[in-house]
Amino acid sequence: MNYKKYKRFETIKLKDRTWPDNEIKNAPVWCSVDLRDGNQALITPMKIEEKVQMFQLLVDLGFKEIEVGFPSSSQIEYDFLRLLIDENLIPDDVTVQVLTQAREHLIRRTFESLKGLDKAIVHIYNSTSVLQRDVVFNKGKEEIKTIAIEGTKLVKELSNEFNGKVILEYSPESFTGTEVEYALEVCEAVLDTWGASQDNKVIINLPSTVEMDTPNVYADQIEWMCRHFKDRERVIVSVHPHNDRGCGVATTELALLAGADRVEGTLFGNGERTGNVDVMTLALNMFTHGIDPKLELSEMNRIKHIYEKCTKMEIPPRHPYAGQLVFTAFSGSHQDAINKGMHAYRERGTGIWEVPYLPIDPADLNRQYEPIVRINSQSGKGGVAFVMDTVFGYHLPKALQADFAKAIQNISETEGEVSPERIYDTFKKEYIDIEEPYKFIRQKLIDVSEDENDMHERRAEVTIEDHGEIKTLVGYGNGPIDAVKNAINSNEEFLYTHMLDYSEHALTSGSSAKAAAYVQLRPKGSAIVEFGVGVHPNITTATIKAIISGMNRIHQRMKKEG
């Protein structure tokens, strides 16, 4: 790889830059260019009906400025804009934007397409970069500046004949490859020709047409321009970053710190080459800092569906915020941290989202029903516990989490990813649906206290099936669980077991509510420890079933170990 064939574009040295100390506090003016820049980057450009659907999506998302195309470039672009106008599809609070090169016949055709609108942004451009002046146009600085001035004069002339309001936007295309002093000279000439003022502002769009350097360099260029406009109040500074170096989002955020007022970009970063800046990511980055992005992005799955349908493009699974896997953790340590963080968020009730590894609440994007944690061989007890808790409502004790995770890991090492349904089915098989050699039949609990001031002594009658034989066991205790345990341990044919741990909780609410009970048992004189789980609307019955489940697991293990 001959790296010496490349050289860095010499740019400004802004030693007293101020943007590093700034913060983004408000959303910029957003302008979607999906229907122009995004569309021209598609293998199969959108048909008119797809363009209409995409336009409606952009309106629904809250974009107030939408570049609808390059109507002078092709008939379909022209016809699409005419359809929007003729069928009254443009809301009163939305301004459409049209792009054209600063060439006379294209500008005139553009104005023909606008008839019937009460307002529009007319966006003209010509390339100003050192490289394009040299190898594309073979023109000097004055000639290039004249193109911009003449284009502005014609737009101004046609605007005076236009029934609606025209807002001028000018782009020195390839701004990042243009000397900032010359870019400023051309932009000031456009502003003066238009007669820009605080009441008649011009959008000066400073595109990173090709991303040529690190984001801080672009920020320096934007701050330099903002400082040197002779009247900053007559300018709306817009940026249109591309993503050639993979830094489009960072470039834009730093440009906003440097003074930009407006951002042109696309949904999910669709655009020429490596794409435009991703407006979705930018807006949601602001959202996660507590800033209103001024876009409605809560229906992420719907947005993805329409975008993919219209563009025939697929959103990568790791795409920020929108990708299928961005809220998914396979790592055991990540899963454990997410599990604990979600519990803390619910318990603390502060309303402030602070969950490890999840910078945004998936529910805010209407993705709360998608799996945050997915289980494979890299997962641990935290991930399995998270699935059992959030999907099925089982709050497994820590020791049981570790025990059950081993069973799931054995499956995942053989089969790969394990679905939540498979995890639940395995849990039932391992801990709940064990009925050999003991099976619960029924129970009866009687309060036998003679004095209401005494401890409430209970009599438990537990009927079980033992190796096919029906037996009723009786025990007494100072509470239902104690009485049940003593009843089961009263049978000399059973292994006497110590209950090391016990917990229970409600699984569901309402009239059909069920309870889950968990026990940890150790047979007398043995180091074996096993778990049992019982589920039943009656908590005492759930506990009895949990004890019998644990006894069955002990029996199976002792039989297996000889």
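Hydrogens, waters and symmetry mates are skipped; everything else that's a heavy atom, side chains included, is used.
- A salt bridge links E415 with R422; the closest basic N to acidic carboxylate O contact falls under 4.0 Å.
- With respect to the salt-bridge test (charged N to carboxylate O, under 4.0 angstrom), the residues E461 and R459 qualify.
- To the nearest 0.5 Å, the span separating CE on M313 from CD1 on I315 amounts to 9.5 Å.
- Salt-bridge annotation for E65 and R262: present, with a side-chain N of the basic residue lying under 4.0 Å from a carboxylate O of the acidic one.
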Output, in order, the C-alpha distance, side-chain angles, deciding distance and verdict of salt bridge (Lys or Arg N to Asp or Glu O under 4.0 Å) for R367 and E299. CA-CA 8 Å; R367 295 186 62 180; E299 296 291 335; over 6 Å; no
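- Looking at L61 and F63, their side chains come closer than 4.5 Å, going by heavy atoms from C-beta outward.
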Could you go through the side chain to side chain contact (heavy atoms under 4.5 Å, CB included) check for E253 and I24 one step at a time? CA-CA 8 Å; E253 291 181 329; I24 297 173; 4.1 Å; yes
N552 vs E436, side chain to side chain contact (heavy atoms under 4.5 Å, CB included): CA-CA, chis, key distance, verdict: CA-CA 6 Å; N552 283 332; E436 294 290 339; 5.5 Å; no
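- Among all heavy-atom pairs drawn from V535 and K545, the shortest one is O-NZ, 3.8 Å.
- Using a 4.0 Å cut-off between charged side-chain N and carboxylate O, D482 and R458 make no salt bridge.
- Rounding to the nearest 0.5 Å places CD of E23 at 9.0 Å from CG of L257.
- Under the 4.0 Å criterion applied to side-chain N and carboxylate O atoms, K51 and E49 are not assigned as salt-bridge partners.
- In this structure, the separation between CD1 on I306 and CG on L57 is 4.5 Å, given to the nearest 0.5 Å.
- Side-chain contact check for L500 versus L521: every heavy-atom pair is 4.5 Å or farther apart.
- Salt-bridge formation is not detected for the pair K429/D425: no Lys NZ or Arg NE/NH1/NH2 atom is positioned less than 4.0 Å from an Asp or Glu carboxylate oxygen.
- Between Y218 and V239 there is a side-chain heavy-atom pair separated by less than 4.5 Å.
- Between Y518 and Y502, the ring centre distance reaches or exceeds 6.0 Å.
- The number of heavy atoms from other shown groups lying within 6.0 Å of CZ (R273) is above 12.
- For K304 and E314, the salt-bridge test fails: no basic side-chain N is under 4.0 Å from an acidic carboxylate O.
- Inter-residue side-chain proximity for V384 and Q401 is flagged as unmet; no heavy-atom pair is nearer than 4.5 Å.
- For the pairing with Y394, the ring pair (Phe, Tyr, Trp, His ring centres under 6.0 Å) check across F427, Y431, F386 returns one residue only, F427.
- Salt bridge annotation for R522-D501: absent, with no cationic side-chain nitrogen under 4.0 angstrom from a carboxylate oxygen.
- Between R245 and E211 no salt bridge is recorded (no basic side-chain N to carboxylate O distance below 4.0 Å).
- Using a 3.5 Å distance cut-off with no hydrogens or angles, the side chains of S208 and T251 do not pair a donor with an acceptor.
- For the pair S412 and E417, the minimum side-chain heavy-atom distance is 4.5 Å or more.
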Does K64 form a side chain to side chain contact (heavy atoms under 4.5 Å, CB included) with D93? I'd like the steps, not just the answer. CA-CA 6 Å; K64 301 305 179 187; D93 63 346; 2.7 Å; yes
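- The CG atom of L295 lies 12.0 Å from the CG atom of D60; values are rounded to the nearest 0.5 Å.
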List the steps and the verdict of side chain to side chain contact (heavy atoms under 4.5 Å, CB included) for T390 and N339. CA-CA 9 Å; T390 60; N339 186 22; 5.8 Å; no
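- Annotation: side chain of V263 is in contact with side chain of V277 (closest heavy-atom distance under 4.5 Å).
- Using a 4.0 Å cut-off between a side-chain N of Lys or Arg and a carboxylate O of Asp or Glu, R17 and E223 do not qualify as a salt bridge.
- When ring centroids are compared, H536 and F440 stay outside the 6.0 Å threshold.
- Put simply, the side chain of D292 never gets that close to the backbone of N26: no donor and acceptor are under 3.5 Å apart.
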